[in-house]
Amino acid sequence: MLLADIDFLAPADEVARRLIGATLLIDGVGGVIVETEAYDQADPASHAWSGPTARNASLFGPPGHAYVYRSYGLHWCLNLVCRPAGHGAGVLIRALQPTQGLEAMAQRRGLADPRLLCSGPGRVGQALGVDKSLDGRPLGCPPFELLAAESPLDESAIAVGPRIGITRAVDQPWRFGLTGSRYLSRAFRAVA
DNA sequence: CTAGTGATCCGCT
DNA sequence: GCGGATCACTAGA
């Protein structure tokens with residue numbers, strides 16, 4: 001299974017859902033995507049909301065590329081750009097289950113607990129060595145590797161909920177996760 | 001377990 | 001000047 005299995009022209013929330021269970025590697029280091037969030041241009045919580053700027057240019061660039069931004073002045077966060085018909089939209093990678101390059105990740109993070117290596121967008125960035133130099137780079141070639149899940153995930157395997165750490169459009173259910181994973185940045189609230 | 005806070009930079013209401 | 005798509009650490013319940 002290769003990059004071609006993921007259609008980055010689909011709406012961001014669909015791409016975010018489909019990415020759960022896929023494997024993301026940078027220079028051979030990474031793991032299985034267990035948590036994502038979708039951000040669309042028509043979405044007050046998105047960096048694309050106010051239109052293209054120098055910072056978010058990659059969000060308006062070709063789909064299937066990376067958008068990297070600095071969060072709170074210290075963390076690098078990775079988005080995968082998807083773009084339904086002229087929109088600036090992307091999927092934030094919020095958490096991975098580490099499977100490859102555990103030593104490199106532990107070294108970069110300064111700790112070894114696998115559950116703390118990639119359980120949050122800033123942690124993912126640090127563990128995979130993400131920085132501004134990857135902004136705008138295509139996901140289909142080195143240092144990136146993106147492998148679709150071997151078999152499609154069952155509906156019940158995908159948890160859905162409100163996004164984390166935003167103040168606008170808080171009710172939009174555009175956070176997706178692998179149900180029951182121990183590598184999430186936070187647990188999903190159980191369905192009532 | 002939850003709540004609060006400092007770190008640290010950049011882009012823009 | 002203000003406020004983040006965050007994290008780590010502390011204090012207290």
Side-chain angles (χ1 to χ4, degrees), chain A residues 8 11-20 24 26 30-31 33-61 63 65-84 87-98 105-136 139 159-178 181-190:
Chain A
F8 283 102
D13 57 318
E14 267 188 49
V15 175
R17 180 186 290 271
R18 287 184 201 147
L19 280 171
I20 300 298
L24 173 68
I26 298 179
I33 298 171
V34 297
E35 185 180 341
T36 60
E37 281 177 1
Y39 288 89
D40 188 84
Q41 184 171 1
D43 167 13
S46 170
H47 291 172
W49 171 246
S50 303
T53 66
R55 173 216 202 187
N56 66 19
S58 299
L59 266 182
F60 294 86
H65 287 227
Y67 163 52
V68 175
Y69 72 94
R70 179 109 90 163
S71 175
Y72 290 89
L74 35 146
H75 309 289
W76 293 107
C77 296
L78 175 65
N79 284 248
L80 310 189
V81 176
C82 52
R83 191 180 56 167
H87 270 55
V91 174
L92 173 67
I93 305 300
R94 286 196 56 90
L96 305 179
Q97 174 179 343
M105 290 191 265
Q107 177 140 22
R108 288 172 180 149
R109 292 273 299 120
L111 48 82
D113 183 347
R115 290 180 54 168
L116 295 177
L117 287 178
C118 300
S119 53
R123 292 165 172 174
V124 170
Q126 187 182 20
L128 302 207
V130 171
D131 66 21
K132 189 71 179 169
S133 72
L134 295 177
D135 186 43
L139 301 170
V160 182
R163 293 172 292 181
I164 292 177
I166 55 173
T167 56
R168 290 174 291 182
V170 281
D171 292 330
Q172 204 69 244
W174 281 349
R175 175 181 178 233
F176 302 91
L178 185 60
S181 170
R182 301 188 306 274
Y183 300 92
L184 301 171
S185 67
R186 278 162 57 173
F188 282 78
R189 214 204 84 170

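The structure presented is a predicted model; accordingly, all values stated were derived computationally and were not measured. Below, chain A is the first sequence line, B the second, and so on; all start at residue 1.
A/G73 comes within 4.0 angstrom of a base, heavy atoms only. Counting any heavy atom pair closer than 4.0 Å across all strands shown, A/R168 reaches no nucleic acid atom.
With a 6.0 Å radius and a threshold of 12 heavy atoms from other residues, nucleotides or ligands, A/R186 has its CZ atom at or below the threshold.
Look at A/R109 and you'll find a side-chain N or O under 4.0 angstrom from OP1 or OP2 of C/dA8. Between A/S50 and B/dT13, a side-chain N or O to OP1/OP2 separation shorter than 4.0 Å is present. An OP1 or OP2 oxygen of C/dG4 is reached within less than 4.0 angstrom by a side-chain nitrogen or oxygen of A/T167. At the phosphate of C/dT6, neither OP1 nor OP2 sits under 4.0 Å from any side-chain N or O atom of A/S185. Between A/H75 and the phosphate of C/dC7, there is no side-chain N or O to OP1/OP2 separation shorter than 4.0 Å.
The aromatic ring of A/Y72 does not sit over the base of B/dA7; the criterion of centres under 5.5 Å apart with planes under 30° is not met.
Relative to the side chain of A/I166, the nucleotides B/dC12, B/dC9, C/dA5 differ in distance, and C/dA5 lies closest.
Atom CD in A/Q172 sits roughly 16 Å away from atom P in C/dA5 (whole-Å rounding).
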Given Watson-Crick and G-U pairs under 3.5 Å, DNA chain C in dot-bracket ([ ] crossing, | other strand) is ||||.|||||||.
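In this structure, the side-chain contact (heavy atoms from CB on, under 4.5 Å) partners of A/D113, at least two apart in sequence or on a different chain, are A/R115, A/L116.
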